[in-house]
Amino acid sequence: MSKYFGIVLAGGEGKRLMPLTEDRAKPAVPFGGQYRLIDFALSNLVNSGLRQIVVLTQYKSHSLDRHISQVWRMNGILGSYITSVPAQQRLGKRWYQGSADAILQSLNLIYDERPDYIVVVGADHVYRMDFDQMIDAHTASGAEATVAAIRQPISLADQFGVIDIDPEQPTRIREFLEKPKAPEGLPDSPNEVLASMGNYVFTTQALIDEVRRDEDRPGSNHDMGGDIIPAFVERGTAGVYDMKLNTVPGASARDRYYWRDVGTIDSYFEAHQDLISVLPVFNLYNQEWPIFTQQVNMPPAKFARDARGTLSTVIDSIVAGGSVISGAHIERSVLGANGIVESGAHVSDSILFDNARIKPGATVRRAILDKNVVVEAGASVGLSREADTARGYIITPSGITLVGKGTVVKAP
């Protein structure tokens with residue numbers, strides 16, 4: 001039987017998610033009330049049958065390392081493991097210079113396991129995917145590298161790395177285009193293009209040889225998508241795997257091909273909105289392909305009247321365990337664990353991380369509140385751009401206000 005090895009690239013800084021990444025690695029950013037972003041990549045790999053997985057970390061990795069060690073424990077007796085591996089400076093006194101350099105500096109992990117094929121994935125996308133099906137397609141194709149791709153409207157092509165396929169060989173990559181302005185549409189769908197998902201399957205020796213060549217390549221940024229895959233394309237040994245061919249158990253017609261890069265605050269916010277509708281665009285409740293995470297010992301969420309008998313109302317929202325909502329109104333929002341929202345408070349179109357406290361009469365609208373944020377009685381966030389800017393909060397062009405970890409928002 002062939003042997004497979006998983007590598008999760010989790011070393012990016014995540015500057016575009018500031019201030020959420022001010023104190024944590026991007027893959028450790030909370031998502032969906034109780035998950036971390038990395039849980040989606042790891043759940044997909046484990047559900048696909050991979051049992052030997054390393055997570056390559058670098059920046060601000062403490063909370064990420066702790067999460068992996070506490071949550072992702074495998075059966076060592078059977079040789080299974082998921083472990084985080086920090087930059088080890090095995091090739092000199094330098095940090096990872098890019099995702100390809102991260103693999104180059106971690107070749108000892110591959111030599112130890114001696115797999116036949118290697119699955120390399122990013123750690124900051126929200127999706128479901130059966131990598132076993134992609135591995136089968138890779139081995140059948142004879143390609144040395146296979147790139148997972150998802151169909152996107154051609155109007156959005158300038159936001160992605162786009163895969164140009166050979167019409168005569170639709171599983172072979174003819175050219176890899178970085179954010180093209182006017183690409184060709186697909187032969188079977190002229191209004192769509194294939195966008196790289198940042199997930200790859202490699203034949204092991206081919207990957208080893210290429211990251212070694214890339215080390216000394218003039219002008220290389222040592223990046224998987226920008227340097228390694230184009231090198232395979234140039235040799236004619238790169239294939240593409242259309243996500244449309246992937247069938248995940250329990251997926252609905254609405255969320256079957258869902259994939260979102262949450263690399264910006266706006267895309268991160270929009271991905272949360274995809275969770276909360278009655279028929280969600282991305283369904284967290286698919287028990288046939290679960291998203292695993294830490295199950296903390298805490299009481300269930302509680303919804304109660306306040307002292308005056310006012311009912312709590314929670315509409316189109318997700319509320320994590322340990323939270324108490326008392327005579328407050330929550331709408332189109334996601335609340336993390338152990339939150340408290342008190343009498344007369346109003347939270348709408350917002351994301352609250354763990355331990356948020358919204359005191360009586362406070363208002364939170366179109367905002368993201370990091371852990372341990374307190375909004376005092378009568379205070380507001382997201383109602384006035386001028387007021388939020390004056391208090392030093394970051395506001396995105398679409399009007400989402402970000403409040404950093406541990407901030408106390410005071411009433412005027």
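None of the values given here were measured: they were computed from a predicted structure. Scope of the values below: all heavy atoms of this structure, side chains included, with no hydrogens, waters or symmetry mates. Residue numbers run from 1 in the order of the sequence given.
- In this structure a side-chain-to-backbone donor-acceptor pair under 3.5 Å is present from T407 to G404.
- In this structure, Y258 has its ring center at least 6.0 angstrom away from the ring center of Y127.
- Residues D132 and S48 have side chains that never bring a donor and an acceptor to within less than 3.5 angstrom of each other.
- Between the side chains of E144 and T237, a donor-acceptor pair is found at a separation under 3.5 Å.
- Donor-acceptor pairing under 3.5 Å is recorded for the side chains of N246 and Y241.
- Between the side chains of W289 and N44, at least one donor N or O lies within less than 3.5 Å of an accepting N or O.
- Formation of a donor-acceptor pair under 3.5 Å by the N221 side chain with backbone atoms of D223 is not found in this model.
- A distance-only check finds no donor-acceptor pair linking the side chain of D158 to the backbone of K181 [under 3.5 Å].
- Put simply, the side chain of K359 does not reach to within 4.5 Å of the side chain of V375, judged on heavy atoms.
- For T21 (side chain) and A25 (main-chain N/O), no donor-acceptor pair under 3.5 Å exists by modelled atom type.
- Using a cut-off of 4.0 Å between Lys/Arg side-chain N and Asp/Glu carboxylate O, K60 and E22 are scored as not salt-bridged.
- In the model, D227 has no side-chain atom that pairs as donor or acceptor with a side-chain atom of H222 under 3.5 Å.
- Heavy-atom minimum distance, A149 versus I163: CB-CD1, 3.7 Å.
- Checked by atom type, the side-chain pair D39/S43 shows no donor-acceptor distance below 3.5 Å.
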- Message: Is there a side chain to side chain contact (heavy atoms under 4.5 Å, CB included) between F282 and R128? Walk through the geometry before answering.
- Response: CA-CA 9 Å; F282 184 76; R128 281 190 175 90; 3.6 Å; yes
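- A donor-acceptor pair under 3.5 Å links the side-chain atoms of S69 to the main chain of D65, judged by distance alone.
- We find that R24 and D370 are joined by a salt bridge, their nearest charged nitrogen and carboxylate oxygen being less than 4.0 Å apart.
- In this structure, Y200 and F202 have tilted ring planes: the angle between them lies in the 30° to 60° band.
- Under a 4.0 Å N-O distance rule, the pair E210/R235 qualifies as a salt bridge.
- When ring centroids are compared, F31 and H272 come within the 6.0 Å threshold.
- Here the side chain of T264 pairs a donor or acceptor atom with the backbone of S267 at under 3.5 angstrom.
- Looking at H346, its side chain never comes within 3.5 Å of a backbone N or O of A328 through a donor-acceptor pair.
- In summary, R174 and D164 engage in a salt bridge, as defined by a charged side-chain N under 4.0 Å from a carboxylate O.
- Taking 4.0 Å as the cut-off between side-chain N and carboxylate O, E376 and R357 do not count as a salt-bridged pair.
- Salt bridge E192/R151: present, at least one basic N to carboxylate O contact under 4.0 Å.
- Under 3.5 Å, the side chains of S80 and N75 contain no donor-acceptor pair of N or O atoms.
- Here the side chain of D242 pairs no donor or acceptor atom with the backbone of L245 at under 3.5 angstrom.
- Between D349 and R332 there is a salt bridge, with a side-chain nitrogen of the basic residue lying less than 4.0 Å from a carboxylate oxygen of the acidic one.
- Note: F160 and W259 have tilted aromatic rings, judged against thresholds of 30 and 60 degrees for the angle between ring planes.
- With hydrogens and angles disregarded, no donor-acceptor distance shorter than 3.5 Å links the side chain of S63 to the backbone of A28.
- Every residue was checked against the ring pair (Phe, Tyr, Trp, His ring centres under 6.0 Å) condition with F353, not counting sequence neighbours, and none meets it.
- No hydrogens or angles considered: nothing links the side chains of D136 and Q133 as a donor-acceptor pair under 3.5 Å.
- When all heavy atoms of A157 and P180 are compared, the closest pair comes out as O-CD, 3.5 Å.
- Here R385 does not pair with D388 in a salt bridge; the nearest charged N to carboxylate O distance is not below 4.0 Å.
- Relative orientation of the Y35 and F40 rings is tilted, given thresholds of 30° and 60° on the angle between their planes.
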